[in-house]
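Data block below; observations after.
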Amino acid sequence: MHGEYKIPGGKLVVVDVEAEGGVLRHVRVAGDFFLEPDEALEAVNRALEGAPADTGAAGLAARIDAALPEGTVMYGLTSEGVGVAVRRALAHATDWTDYDWQLIHEGPQSPALHMALDEVLTAEVAAGRRPPTLRVWEWGSPAVIIGSFQSLRNEVDAEGAARHGIEVVRRISGGGAMFVEPGNTITYSLSVPEALVQGLSFQDSYAYLDDWVLGALGEMGIRAWYQPLNDIATDQGKIAGAAQKRVVGPGGGPGAVLHHVTMSYDIDADKMLEVLRIGREKMSDKGTRSAKKRVDPLRRQTGLRRETVIDRMLDSFRARYGLTTGHVTPGEMARAEELAGAKFTDPRWTARIP
C-alpha cells in the first residue's frame, strides 16, 4: 500500500507499507524532506515495523519520537506527518493528481442559489456523476451567511441587516457567520471525493485542503498559514475562514467533502459590526480586542485587483494539479434553483435555530 501526505507548510512524505496479521510490515518512508542524521530514517522505519495496523497517527508519531536518535533534526517533516501518511496508505487514499479537476466560475448569483449549488454539486461528486470541482463564487448581492448550527438572533442584528439591505442565509456546513459584499470577497468551494481525505483527521483535512491556497498566496508575496481549526492567517491578521460538510454517497457508500473558503479582499468593517453580533467571548478566543482587527483584506496586502488575485490563485492550482474549465449543467442548475426556493429562502431553514 502506498500513501502520500504533504505536510502543511512542509514537505512531501511518502510511505509504502503492508498490513500482515494485523501489524505493519515492510515499512519504507521517503520524501523530499530533510533529516539528520542519516540513520534517523531507518529508526523511523524500525519504529513503525510491527505496529498494530489500527494505530492512529498520534500513536504512530509517539513510536517514532521514542525511537529517534538523540539530536535528530527534522526540516519539513514531523513524526505526526509520517503517521498521517501511513494512515492514508492503509485507507487507500487518493492524491490531488489522481483526478481531472474542473473549474466553475460563472456570473453573479444570489446567496441562496450559492448555498444550493454547494449542496447539489457535492452530491453529484459523491454520486460519481461530476469530477472533483473547484467553484469560484461571484456574489449577486450582499449577504450574511450563518453556519448550520448557529443561532440566527445571536449572530445577526436583524435591524442592521434590513437597514443595509443584506440578505441572511444559512449554509449546510458548520462554523461561524460570514459577511460578504460583491467585489469585496473571494469565495470558493472544493467538492472532492471522500477518498482524497481518507486517513486524515477532521482537523488535518482542513489543513490539507487549504494547502494549495497557502502556496498561491505565497506566490503573491503573502506569508500565510493555517490556523486551527478553520482560519487562514498572516502576521497582519486573519484573511480567510473555511467550513466543511461531509456528504454520504448513494446507498451509504463513499461520499464527498464540501470545503468552502471565504477570503476578505476588502471589507467595510463598520457595516459588518452593524450587521453581525460579535461577542466578547469570540474576541477573547482570537486574542484581539477589536473585531476590525480580526480580518485584514487581501487588497491591502497584495495591491492587486480582486480579479487578478483570483486569476493567480487559479493559475497556481492549475500548475499543481491541472484544471479545465467547466459549467454547471442544466440539470444541476434546475435542482439548485428548486432547492434554493424550497430550502435556502425558507424562513424555517434560516431560523431553524432561532
What do you reckon, are the aromatic ring centroids of His114 and Phe344 less than 6.0 Å apart? no

Between Ala116 and Ala340, the two heavy atoms sitting closest are CB-N, 3.8 Å

Value for NZ (Lys238) from CG (Asn230), rounded to nearest 0.5 Å, stands at 6.5 Å

Between the main-chain N or O of Thr185 and the side-chain N or O of Arg306, is there a donor-acceptor pair closer than 3.5 Å? yes

Give, for atom OG1 of Thr262 and atom CD1 of Ile239, the distance between the pair rounded to the nearest 0.5 Å. 12.5 Å

Passing option when Leu121 is tested against Glu332, Arg335, Gln102 for side-chain contact (heavy atoms from CB on, under 4.5 Å): Glu332

Interatomic distance, CD@Glu138 vs CD1@Ile186, rounded to 0.5 Å, equals 9.0 Å

Donor-acceptor pair, side chain of Asp266 and main chain of Gly183, under 3.5 angstrom: no

Taking the basic N atoms (NZ, or NE/NH1/NH2) and the acidic carboxylate oxygens, is any pair closer than 4.0 Å for Arg171 and Asp118? no

Take Arg87 and Tyr5 through the test side chain to side chain contact (heavy atoms under 4.5 Å, CB included) and record every step on the way to the result. CA-CA 10 Å; Arg87 296 310 317 163; Tyr5 179 58; over 6 Å; no

Between Arg88 and Thr94, is there a donor-acceptor pair closer than 3.5 Å when you use the side chain of the first and the backbone of the second? yes

In Glu194, Arg246, Gln198, the residue satisfying side-chain hydrogen bond (donor to acceptor under 3.5 Å, both in side chains) with Ser205 is Arg246

Given side chains that start at C-beta, do those of Leu60 and Leu24 come closer than 4.5 Å, heavy atoms only? yes

Is it true that a side-chain atom of Asp65 and a backbone atom of Ala62 form a donor plus acceptor pair closer than 3.5 Å? no

Could you tell me which residues satisfy salt bridge (Lys or Arg N to Asp or Glu O under 4.0 Å) with Asp311, sequence neighbours excluded, listed by chain and number? none

Decide yes or no on side-chain hydrogen bond (donor to acceptor under 3.5 Å, both in side chains) for Ser189 and Trp137, but give the supporting numbers first. CA-CA 8 Å; Ser189 302; Trp137 304 21; 2.8 Å; yes

Side chains of Asp268 and His164 in contact at under 4.5 Å (non-hydrogen atoms): no

Hits for salt bridge (Lys or Arg N to Asp or Glu O under 4.0 Å) against Arg46, two or more places apart or cross-chain, chain-then-number order -> none

Okay, side chain of Gln109, backbone of Trp139: is any donor-acceptor separation there less than 3.5 Å? no

Under 3.5 Å, is there a donor-acceptor pair between the side chain of Thr133 and the main chain of Pro131? yes

Quick check on the hydrophobic clustering: are Met74 and Val86 connected, directly or via other members, by side-chain heavy-atom contacts under 4.5 Å? yes

Please name the residue in the list Arg300, Arg299, Glu181 that meets the side-chain contact (heavy atoms from CB on, under 4.5 Å) test with Tyr265. Arg299

Do Trp225 and Met313 sit in one hydrophobic cluster, given that two such residues count as connected whenever their side-chain heavy atoms are within less than 4.5 Å of each other, even indirectly? no

Could you state whether Val180 and Ile232 fall into the same hydrophobic cluster, counting links through intermediate Ile, Leu, Val, Met, Phe, Trp or Tyr residues with side-chain heavy atoms under 4.5 angstrom apart? no

So, Glu155 and Arg170, do they make that salt bridge, N to O below 4.0 Å? no

Less than 4.0 Å between a side-chain N and a carboxylate O, is that true for Asp315 and Arg318? yes

I'd like to know if Arg129 pairs up with Glu124 as an ion pair, taking the criterion as any Lys NZ or Arg NE/NH1/NH2 lying under 4.0 Å from an Asp or Glu carboxylate oxygen. yes

dist Asn154:CG -> Asp157:CG (nearest 0.5 Å) comes out at 12.0 Å

Just verifying a value: how many Å separate His259 NE2 and Tyr208 OH, rounded to the nearest 0.5 Å? 12.5 Å

For the side-chain hydrogen bond (donor to acceptor under 3.5 Å, both in side chains) test, which of His260, Lys245, Gln244 pairs with Ser173? His260

Just by distance, do the side chain of Arg135 and the backbone of Tyr188 share a donor-acceptor pair under 3.5 Å? no

Output for pair (Met333 CE, Glu338 CD), nearest 0.5 Å, gives 13.5 Å

Relative to the ring of Trp101, is the ring of Tyr99 parallel (under 30°), tilted (30 to 60°) or perpendicular (over 60°)? perpendicular

Any donor-acceptor N/O pair, Glu4 side chain to Val13 backbone, under 3.5 Å: no

Residue pair Arg63, Ser79: steps toward the side-chain hydrogen bond (donor to acceptor under 3.5 Å, both in side chains) verdict: CA-CA 9 Å; Arg63 291 176 67 103; Ser79 298; over 6 Å; no

For the backbone of Ala224 and the side chain of Thr234, can you confirm whether one donor and one acceptor N or O come within less than 3.5 Å of each other? no

I'd like to know if the side chain of Glu106 reaches the main chain of Val328, judged simply by a donor and an acceptor atom lying under 3.5 Å from each other, with no hydrogens or angles considered. yes

Are Tyr321 and Val14 grouped together when hydrophobic residues (ILVMFWY) are joined by side-chain heavy atoms under 4.5 angstrom apart? no

So which of Leu217, Val309, Thr187 actually passes side-chain contact (heavy atoms from CB on, under 4.5 Å) with Met263? Leu217

